[in-house]
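Chain letters run A, B, ... following the sequence lines, proteins first, then strands; residues in each count from 1. All values below come from the heavy atoms of this structure, side chains included, with hydrogens, waters and symmetry mates left out.
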Number of protein chains: 2
Amino acid sequence: MASDKKQLILSTVLDLVKQTGFYHLNMKAIAERAGISAGTIYLYFKSKEELINELYQTVLGEFNQAVLHSYAPEVGFSGNFEAMLRAAVDFYLPRKDYFSFIEQYTYAPFLFKESQEENFSLLLPIFKLLRQGKKEGLVKAFPEPVLISIIHGTLNTILKMHFAHKLDLRKKSVYQSFCTAVREAVTNPANKDSLPTPHP
Amino acid sequence: MASDKKQLILSTVLDLVKQTGFYHLNMKAIAERAGISAGTIYLYFKSKEELINELYQTVLGEFNQAVLHSYAPEVGFSGNFEAMLRAAVDFYLPRKDYFSFIEQYTYAPFLFKESQEENFSLLLPIFKLLRQGKKEGLVKAFPEPVLISIIHGTLNTILKMHFAHKLDLRKKSVYQSFCTAVREAVTNPANKDSLPTPHP
DNA sequence: TTTGAGAAAATGAACGTTCATTCAGTGATA
DNA sequence: TATCACTGAATGAACGTTCATTTTCTCAAA
């Protein structure tokens with residue numbers, strides 16, 4: 001089917017970017033790896049630029065869906081914050097190719113203005129939650145961009161380090177440390193008086 | 001003088017990377033902007049790769065020097081931690097070209113294995129300090145890579161946001177928020193008993 | 001079931017462009 | 001004249017894209 005081949009091309013690009021990097025990506029290499037000819041790619045994509053941009057949107061879409069899916073209105077701010085942070089990590093952890101692609105896309109020459117913007121809103125759902133938590137006094141009173149930097153920056157770097165084998169996020173203890181660290185960095189210390197008491 | 005022209009070439013590259021990006025950097029553009037011919041560049045550098053790598057080492061060296069220079073043995077852990085964090089910010093704040101170059105270099109095809117390593121050790125002096133502070137119980141008991149992620153990641157992202165005009169680090173309040181945020185994220189809450197009392 | 005003609009998909013050689021690198025030539029200075 | 005830094009046209013490799021041609025698929029007629 002037609003969309004099969006399109007999918008094949010897209011996943012081949014992910015594969016190649018992970019393995020050889022964005023700079024060495026070329027249409028012939030994509031074609032070879034996918035077992036098709038270079039010309040065929042142009043039956044499914046108008047240009048290399050369009051191909052890359054479509055892949056970017058796809059990856060971003062999948063990510064957003066994964067994070068949003070972890071949101072549950074009933075568990076309140078703290079529960080949702082941790083859940084979405086974990087969802088973000090869990091999404092990329094088994095998808096080094098996705099992470100690598102998103103990372104390198106940022107500095108590719110294709111980047112539309114709109115996409116450039118988007119890059120900071122990668123964790124948009126989390127940031128929304130943040131604003132809510134701030135109103136409730138649960139989140140520290142730092143300017144929003146500072147809070148974003150902590151979450152986005154820490155997440156980004158820890159994933160990078162994980163994939164560079166500087167740490168192993170699959171270890172429960174490391175994973176937990178990361179979550180705790182981000183929570184503590186962003187939220188006010190829990191007031192004992194306001195803690196929900198299991199048995200009043 | 002010979003080193004004058006070398007310097008001219010190096011700073012021209014910084015300029016061009018900032019303005020047009022790494023991908024569009026080419027030898028002819030460098031030559032034109034520097035007011036020399038393309039061939040001349042090859043009198044001072046063996047190749048484009050060598051040129052870029054030398055520039056990378058230069059920028060890194062300047063940065064390390066700036067951060068190390070801010071270290072003062074007499075002010076203890078907290079004082080030094082804040083001083084070095086500030087030194088790092090202060091270094092890049094007026095040097096968008098440096099920051100942009102370092103950022104994009106990471107994903108350039110030139111990257112040697114050694115340089116790849118180096119990228120996480122960008123804040124090496126700070127990390128050394130961290131280890132010391134951990135022993136003294138001043139730093140939170142997270143795995144070191146987690147602490148590194150917080151500092152490196154947050155610093156990196158906040159600079160990126162600053163240069164993208166998402167915030168203004170030149171504002172005292174924003175700057176202070178950032179410093180406080182990182183300190184709180186990394187260090188244990190100060191114990192009032194152990195605070196140095198100005199007038200005992 | 002077989003045939004075959006027309007549609008759709010795929011091919012890969014060829015093209016034009018860009019780019020790093022080279023080198024024969026230029027001109028100023030000693 | 002000899003030396004030197006410098007020039008910029010020439011070179012060739014790499015790349016995205018195109019398109020004339022071939023292959024594969026489809027399905028109605030025999």
J.: Write down the distance between NE2 (A:His24) and P (D:dC15), rounded to a whole number of angstrom.
T.: 8 Å
J.: Could you walk me through whether A:Thr180 and A:Gln176 satisfy the side chain to side chain donor-acceptor pair (under 3.5 Å) test, starting with their C-alpha distance in whole Å, then the side-chain angles of each, then the deciding distance to 0.1 Å, before giving a yes or no?
T.: CA-CA 6 Å; A:Thr180 307; A:Gln176 190 52 54; 3.3 Å; yes
J.: For A:Leu51 and D:dC15, what is the distance between atoms CG and P respectively, to the nearest whole Å?
T.: 16 Å
J.: With side chain to side chain donor-acceptor pair (under 3.5 Å) as the criterion, how do B:Asp97 and B:Tyr92 come out once you've worked through the C-alpha distance, each side chain's angles and the decisive distance to 0.1 Å?
T.: CA-CA 9 Å; B:Asp97 50 353; B:Tyr92 281 121; over 6 Å; no
J.: Would you tell me if any nitrogen or oxygen in the side chain of A:Lys48 comes within less than 4.0 Å of OP1 or OP2 on D:dG16?
T.: yes
J.: Can you check the B:Lys28 NZ to D:dT11 C1' distance for me, whole Å?
T.: 13 Å
J.: Is it true that the NZ or CZ of A:Arg95 lies under 6.0 Å from the centre of A:Phe91's six-membered ring and within 45 degrees of the ring axis?
T.: yes
J.: Salt-bridged, A:Lys28 to A:Glu32, with N to O below 4.0 Å?
T.: no
J.: Please say whether the positively charged group of A:Lys18, taken as NZ for Lys or CZ for Arg, lies over the ring of A:Phe101, i.e. under 6.0 angstrom from the six-membered ring centre and within 45 degrees of the axis.
T.: no
J.: Whole Å only: how far is the OH atom of A:Tyr23 from the P atom of C:dC19?
T.: 13 Å
J.: Distance check needed: C:dA9 C1' versus A:Lys6 NZ, whole Å only.
T.: 16 Å
J.: Give the rounded distance in Å between these two atoms: OH of A:Tyr42 and P of C:dG12.
T.: 16 Å
J.: Would you kindly give the CG-to-C1' distance between A:Leu25 and D:dG16, to the nearest whole Å?
T.: 12 Å
J.: Nearest whole angstrom, please: distance from the C1' of D:dG16 to the CE of A:Met27.
T.: 7 Å
J.: Distances under 3.5 Å only, N/O to N/O: pair up the protein atoms with those of nucleotides 3-9 of chain D.
T.:
residue: D:dC6; atom: OP1; partner: B:Lys5; partner atom: NZ; Å: 2.5
residue: D:dC6; atom: OP2; partner: B:Tyr44; partner atom: OH; Å: 2.4
residue: D:dT7; atom: OP2; partner: B:Ser37; partner atom: N; Å: 2.9
residue: D:dT7; atom: OP2; partner: B:Thr40; partner atom: OG1; Å: 2.4
residue: D:dG8; atom: N7; partner: B:Ser37; partner atom: OG; Å: 3.1

J.: Regarding A:Glu144 and A:Lys134, does a basic nitrogen lie under 4.0 Å from an acidic carboxylate oxygen?
T.: no
